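Computed from a prediction, not measured in an experiment: that's the story for all the values here. Worth knowing before you read on, the calculation uses all heavy atoms, side chains too, and leaves out hydrogens, waters and symmetry mates.
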Amino acid sequence: MNNLLKDTLAERAAGVEPPPLDLDSIVAAGNRRISRRRAIGVLGGAVAAAAVTIGTATVVRPRDTQPQPAKPAPFAQRRVTYALGSTIHYGDEPISVAPHKVTAFVQTDAGFVFLDADNNIHAADRSGVRSLGKSSWELTADFRGTLVGWVEGFADHNESVVYDVAAGRELVRTAVGNKIPPYASLAFRSRIIAIDGGTAYFDTVDGPYRWDIRANRGELLAKVGTNVVREVAAGQIVFQQPLEQRPPAVDLTIAETVTAKPSVRFLGQQAFLSPTAAYLASQPNDARPGIQPLWAGLHLADTTSGKHVALPDRTYVSFYFGQWIDDETCTVAAEYPKMGFLDLLVVNARTGATKVAVSRFTTQGFPTTPPRLASFALPTGRPIIDLG
């Protein structure tokens, strides 16, 4: 090849443009490969970017590298909620559990768990109802998460259970602390006090246990009787002060340990802490106490100062705690005098403001024969019962 020919070919080669690159197609192809890898179960640490060399290295990245938000849990939102007969009213949304009748229930982020008229346990969501094949007398759930707890009774012992509603399996089942002396089987009614994040609190025959759910082991908080500890949230414990009281034990306090002796005091038997333990609602076990002592009513208070939040008792005669919607807002069922109609109220514990969320949603009524359960249920995990 002579010099003239070489020069001519070199000049033409220099003038040729490189073929255009379809970067969108390259990125799309890369994303499809990534999707295929994920579909067969290969977990990558970072998404590989397509690289093209044009003189110098140029990295082409997908347009959106932000992680996609996790799908929200179907029942994570707390709405004004109550149950009538076979229907759970979740805000404006009715959820049927027919043919079962709800006597007590709780809400988890994955759905509701309820007791029927025979104390059998069921889980319910928008897809339907499934039986858990168990039996208990009350339920406990955390303000957030998918865990629920209960106690199952046997001839000579009780078993504490923590169940994951989303996973559909038990995480904890233990008889620790719950061997019942034959002569006292009716006197010891164990319960799940609370589920507080990854920790459960079991009320047992031997006393209250703090139980690490992940490790599935626990420790005894104190060698005291059953029902001394009433509630736990955000690491704060509501308990009897003094620890030993003649029934009905209604003098309560709050601290991080049951050995502390803080000055703040509350009255009541059942206790319901707000999620960060800023406020406490307390009320009697009996929905219809025959003689109305000072403590036999619903009390709402600030846990730091002990200051009570006033309820509209000039309009209503009885109040029943419902649930915490957030850390300062709760629901309360309120009964009109004589007529027996009930309003469902939303109460702000910080400001004391009260408004009617559901007007006259039912009429209060109790059967004449035991068990005298109310005609409605609120998501506390306990039936509303007239002990008289």
Trace of the salt bridge (charged side-chain N to carboxylate O under 4.0 Å, His left out) decision for Arg288 with Asp386: CA-CA 5 Å; Arg288 283 283 192 271; Asp386 177 7; 5.8 Å; no

Just do the side chain to side chain donor-acceptor pair (under 3.5 Å) check on Thr329 and Asp326 with the steps written out, would you? CA-CA 5 Å; Thr329 310; Asp326 54 40; 3.0 Å; yes

Please assess Arg78 against Asp109 for the test salt bridge (charged side-chain N to carboxylate O under 4.0 Å, His left out), listing each intermediate value before the final yes or no. CA-CA 9 Å; Arg78 268 41 181 179; Asp109 290 0; 2.8 Å; yes

Working for side chain to side chain donor-acceptor pair (under 3.5 Å), residues Ser127 and Asp125: CA-CA 5 Å; Ser127 65; Asp125 55 25; 2.5 Å; yes

Pair Phe376-Tyr82, ring-ring contact (aromatic ring centres under 6.0 Å, His included): steps then yes or no: CA-CA 7 Å; Phe376 67 102; Tyr82 62 97; 8.4 Å; no

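With Gln323 contributing its side chain and Thr81 its backbone, the two residues share a donor-acceptor pair below 3.5 Å. Using modelled atom types, no side-chain atom of Asp203 and backbone atom of Ile192 make a donor-acceptor pair closer than 3.5 Å. No donor-acceptor pair under 3.5 Å is formed between the side chain of Thr331 and the backbone N or O of Leu344. Under the 3.5 Å distance criterion, the side-chain polar atoms of Thr146 are left unmatched by any main-chain donor or acceptor of Ala110. Of the possible donor and acceptor atoms, none in the side chain of Trp137 sits under 3.5 Å from a partner among the backbone N and O of Gly153. Checked by atom type and distance alone, the side chain of Gln236 never pairs as donor or acceptor with a backbone atom of Ala278 at under 3.5 Å. The closest donor-acceptor contact from the side chain of Arg265 to the backbone of Pro262 lies under 3.5 Å. Put simply, the side chain of Glu231 gets close to the backbone of Leu273: a donor and an acceptor are under 3.5 Å apart. Between the side chain of Thr253 and the backbone N or O of Val264 there is at least one donor-acceptor pair closer than 3.5 Å. With Thr103 contributing its side chain and Asp116 its backbone, the two residues share a donor-acceptor pair below 3.5 Å.
Hydrophobic clustering, with ILVMFWY side chains joined whenever heavy atoms are under 4.5 angstrom apart, keeps Tyr320 apart from Leu298. Hydrophobic clustering, with ILVMFWY side chains joined whenever heavy atoms are under 4.5 angstrom apart, keeps Leu147 apart from Tyr201. Follow the hydrophobic side-chain contacts under 4.5 Å out from Phe319 and you reach Val309 in the same cluster. Placement of Val148 and Val162 in two distinct hydrophobic clusters is found when ILVMFWY residues are connected by side-chain heavy-atom separations under 4.5 Å, directly or transitively. Hydrophobic clustering of Ile, Leu, Val, Met, Phe, Trp and Tyr side chains at less than 4.5 Å, counting indirect connections, unites Val172 with Tyr209.
In this structure, the side chains of Phe202 and Ser190 stay at 4.5 Å or more apart for every pair of heavy atoms. Taking 4.5 Å as the limit, some side-chain heavy atom of Ile95 sits within range of a side-chain heavy atom of Phe75. Taking the side chain as every heavy atom from C-beta outward, Asp327 and Phe143 never approach each other to under 4.5 Å. Residues Glu152 and Ser135 form no side-chain contact, since every pair of their non-hydrogen atoms from C-beta on lies 4.5 Å or further apart. The side-chain heavy atoms of Phe321 and Arg382, taken from C-beta on, include no pair separated by under 4.5 Å. Under the 4.5 Å side-chain criterion, counting only non-hydrogen atoms from C-beta, Asp302 is in contact with Tyr279. Residues Val106 and Glu138 have side chains not in contact (no heavy-atom distance under 4.5 Å, counting atoms from C-beta outward). Contact check for Pro208 versus Val224: side-chain heavy atoms found under the 4.5 Å cut-off.
Other residues, nucleotides and ligands contribute more than 12 heavy atoms inside 6.0 Å of the CZ atom of Arg360. Sparse packing is recorded around CD of Glu256, with 12 or fewer heavy atoms of other residues, nucleotides or ligands lying under 6.0 Å away. In this structure, Arg314 places its CZ atom where only 12 or fewer heavy-atom neighbours from other residues, nucleotides or ligands lie under 6.0 Å away. The environment of Lys134 atom NZ is dense: over 12 non-hydrogen atoms of other residues, nucleotides or ligands sit within 6.0 angstrom.
Across all their heavy atoms, Pro275 and Ala233 have their closest contact at O-CB, 4.1 Å. Here the shortest heavy-atom pairing between Val250 and Gln245 reads N-OE1, 3.5 Å. Minimum interatomic distance between Arg372 and Thr369 (heavy atoms only, all atoms of both residues): CG-O, 3.7 Å. A pairwise comparison of heavy atoms in Lys179 and Pro181 identifies O-CD, 3.6 Å as the closest pair. Annotation for Leu139 and Val113: closest pair CD1-O, 3.4 Å, computed over non-hydrogen atoms. The heavy-atom pair separating Pro383 from Leu373 by the smallest distance is CB-CD2, 3.8 Å.
To the nearest 0.5 Å, atoms NE2 (His308) and CG (Leu300) are separated by 9.0 Å. Residue Asn216 holds its CG atom at 7.0 Å from OG1 of Thr174, rounded to the nearest 0.5 Å. The distance from atom CG of Asn227 to atom CZ of Phe239, rounded to the nearest 0.5 Å, is 14.0 Å. We find the CD-NE2 distance between Gln270 and His299 to be 12.5 Å, quoted to the nearest 0.5 Å. Once rounded to the nearest 0.5 Å, the distance linking CZ of Arg210 with OG1 of Thr199 reads 7.5 Å. Atom-to-atom distance recorded for Leu267:CG and Asp251:CG is 6.0 Å, nearest 0.5 angstrom.
Each of Phe105, Phe114, Phe112 was compared with His122 under the ring-ring contact (aromatic ring centres under 6.0 Å, His included) criterion, and only Phe114 meets it.
Aromatic ring centres of Tyr316 and Tyr336 lie closer together than 6.0 Å.
Between Trp150 and Tyr163, the angle of the ring planes lies from 30° to 60°, which puts this pair in the tilted group.
Judged by distance alone, the side chains of Thr204 and Asn178 never bring a donor and an acceptor atom under 3.5 Å apart.
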